[in-house]
Amino acid sequence: MNATVKSGEAVGPEAGKTRVTGARRVRAVRTKGGLSVRLDVRVLAVGLLLLAVALAAAVALIGSGDYPMTPAEVLAALTGGGDAGQQYIVHDLRLPRVLVGLLVGVAFGVSGAAFQTVSRNPLGSPDVLGFAQGSSVGALAAIVYFQADAFGVAAGAVAGGVGTGIAIFLLAWKRGIHGYRFVLVGIGASAMLYAMVLFLMTKANIVEATRATTWMTGSLNGRDWDQVQPLAAVCAVLVPLLLFFGRPLRMLEMGDDAAYALGVRVDRVRIAVLLAAVVLVAAATAAAGPISFVALTAPQLARRLTLPRRLMGGGGRAPMPGPHLVLSGLMGAVLLVAADWASQRLFGADQLPVGVLTGVLGGGYLLWLLATERKAGRV
């Protein structure tokens with residue numbers, strides 16, 4: 001099989017050797033069939049590190065609570081050991097919550113990376129562009145006007161998020177979707193949707209308003225297997241679909257004209273990626289509420305871990321979009337599970353919903369990002 005060899009790849013007698021390409025260590029591996037594969041050593045190491053941290057944080061979170069358990073006891077219960085009480089606490093009470101946290105973190109991280117890649121803007125995340133607010137409007141409408149149960153609220157959140165995505169696409173469309181126009185339309189839609197959220201809150205009675213406020217904060221409290229299974233199914237379908245578009249997204253980073261010349265159907269790729277990312281955000285929001293800033297910060301932190309500091313100003317190449325989506329998803333899982341653990345352990349009896357903590361930390365990060373982008377002359 002013939003394979004196109006890019007800079008930094010080795011074939012023939014040099015296959016399997018490591019070269020340095022643009023200050024990045026890239027290892028070229030050649031299979032018996034003659035296919036040459038680039039293996040970025042730094043990206044692989046960061047990915048394994050994030051996976052290990054996410055799993056360790058998950059074990060620590062399962063062991064936290066009114067009935068504390070050691071990591072050894074948690075692992076024993078997960079593998080079928082321990083007594084009946086430990087089995088019940090782990091499998092029925094805490095494991096679903098942790099799995100929802102991991103899946104929501106992955107969904108927000110991957111969708112945020114997809115939005116930022118397509119818009120070519122670090123501010124192009126679902127938090128800023130109004131998709132989370134659209135899901136909030138759908139969920140609040142279900143609560144206020146239909147007194148919906150948990151399933152109805154989740155359905156309303158998905159419908160609101162998808163409807164918002166379609167509306168923003170139509171408003172931003174002008175011979176295609178341009179990154180900056182898409183971001184500006186999204187910011188305007190976010191402000192309008194927030195006004196709708198406030199209007200719905202004024203229409204709610206005290207019971208509905210309390211329920212709506214709790215949902216809008218974003219929390220993993222009370223999550224069970226009913227939230228795990230649908231979200232896992234959505235992630236199992238849409239995350240691989242977004243990874244499938246990794247190569248066209250890489251070409252889009254070179255500009256629309258270059259992508260067209262290389263045979264990429266630019267508008268179709270953008271629409272497919274954005275629609276998949278919107279559904280992923282809507283499903284995650286339906287499962288845990290509009291947990292803010294994870295989708296914004298996870299891709300940026302993943303990128304900073306894979307690029308040397310001296311190259312962050314624009315001289316270095318970020319990882320390929322496919323690996324970057326994976327790293328962003330892992331980073332999102334780490335951030336959400338770690339934030340949930342911190343919200344339980346650091347505030348004593350006054351346990352904060354995880355959305356409060358991510359909002360505080362993410363807001364500070366957003367201010368720092370804006371200052372950095374302005375200093376670099378990019379905003």
Side-chain angles (χ1 to χ4, degrees), residues 54 57-58 61-62 91-112 114 125-127 131-143 148-165 211-239 241-242 276-296 298 328-341 343-344 352-359 362:
L61 183 56
I62 292 175
H91 290 280
D92 294 338
L93 298 181
R94 296 180 182 175
L95 182 59
R97 174 193 181 117
V98 172
L99 289 178
V100 169
L102 291 172
L103 290 170
V104 169
V106 169
F108 279 139
V110 171
S111 60
S125 87
D127 313 274
F131 297 100
Q133 289 83 351
S135 294
S136 297
V137 170
L140 289 182
I143 292 173
D149 57 9
F151 178 80
V153 173
V158 172
V162 173
T164 299
R211 185 182 175 197
T213 302
T214 301
W215 185 88
M216 286 181 56
T217 302
S219 174
L220 298 177
N221 293 336
R223 297 304 180 264
D224 55 27
W225 292 104
D226 291 337
Q227 285 83 36
V228 173
Q229 295 166 355
L231 183 57
V234 171
C235 290
V237 173
L238 295 183
V239 171
L241 177 63
L242 289 171
V278 165
V279 175
L280 203 56
V281 170
T285 304
I291 298 176
S292 57
F293 290 112
V294 174
L296 173 69
S328 299
L330 292 173
M331 178 61 75
V334 170
L335 291 176
L336 194 53
V337 174
D340 193 39
W341 179 87
S343 67
Q344 292 187 51
L352 292 178
V354 66
V356 175
L357 189 57
T358 60

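Start at 1 with the first residue, then count along the sequence. Just so we're clear, the structure is a prediction, and the values are computed from it rather than from any experiment.
- Scanning both residues, Leu296 and Ser125, for their nearest heavy atoms gives CB-OG, 3.6 Å.
- The shortest heavy-atom contact between Leu220 and Ala288 is CD2-CB, 3.8 Å.
- Of all the heavy atoms in Thr358 and Ala339, the pair that sits closest is CG2-CB, 3.8 Å.
- You'll find the side chain of Leu336 reaches within 4.5 Å of the side chain of Val354, heavy atoms only.
- In this structure, Gln344 and Leu61 have side chains that are in contact, with non-hydrogen atoms separated by less than 4.5 Å.
- Looking at Arg97 and Asp224, no side-chain N of the basic residue comes within less than 4.0 Å of a carboxylate O on the acidic one, giving no salt bridge.
- The closest side-chain heavy-atom distance from Ser328 to Val110 is not below 4.5 Å.
- Val153 is listed as a side-chain neighbour of Arg211, based on a closest heavy-atom distance under 4.5 Å.
- In this structure, the side chains of Trp215 and Pro290 come closer than 4.5 Å at one or more pairs of heavy atoms.
- Going from atom SG of Cys235 over to atom CG of Leu241 covers 12.5 Å, rounded to the nearest 0.5 Å.
- Without hydrogens or angle criteria, Arg223 side chain to Pro96 main chain gives no donor-acceptor distance under 3.5 Å.
- In summary, of the residues considered (Asp127, Leu103, Thr285), a side-chain contact (heavy atoms from CB on, under 4.5 Å) with Phe108 occurs for Thr285 alone.
- With values rounded to the nearest 0.5 angstrom, Ser111 atom OG is found 10.0 Å from Leu238 atom CG.
- Leu280 is listed as a side-chain neighbour of Val234, based on a closest heavy-atom distance under 4.5 Å.
- Across all non-hydrogen atoms, the minimal contact from Ile291 to Gly355 is CG2-CA, 4.3 Å.
- Residues Pro353 and Ser343 fail the side-chain proximity criterion, which asks for heavy atoms closer than 4.5 Å.
- Pairing each heavy atom of Ala58 with each of Val337, the nearest pair is N-CG1, 3.8 Å.
- You'll find the side chain of Met331 reaches within 4.5 Å of the side chain of Leu335, heavy atoms only.
- What you find for Ser135 and Gly161 is that their closest heavy atoms are OG-CA, 3.4 Å.
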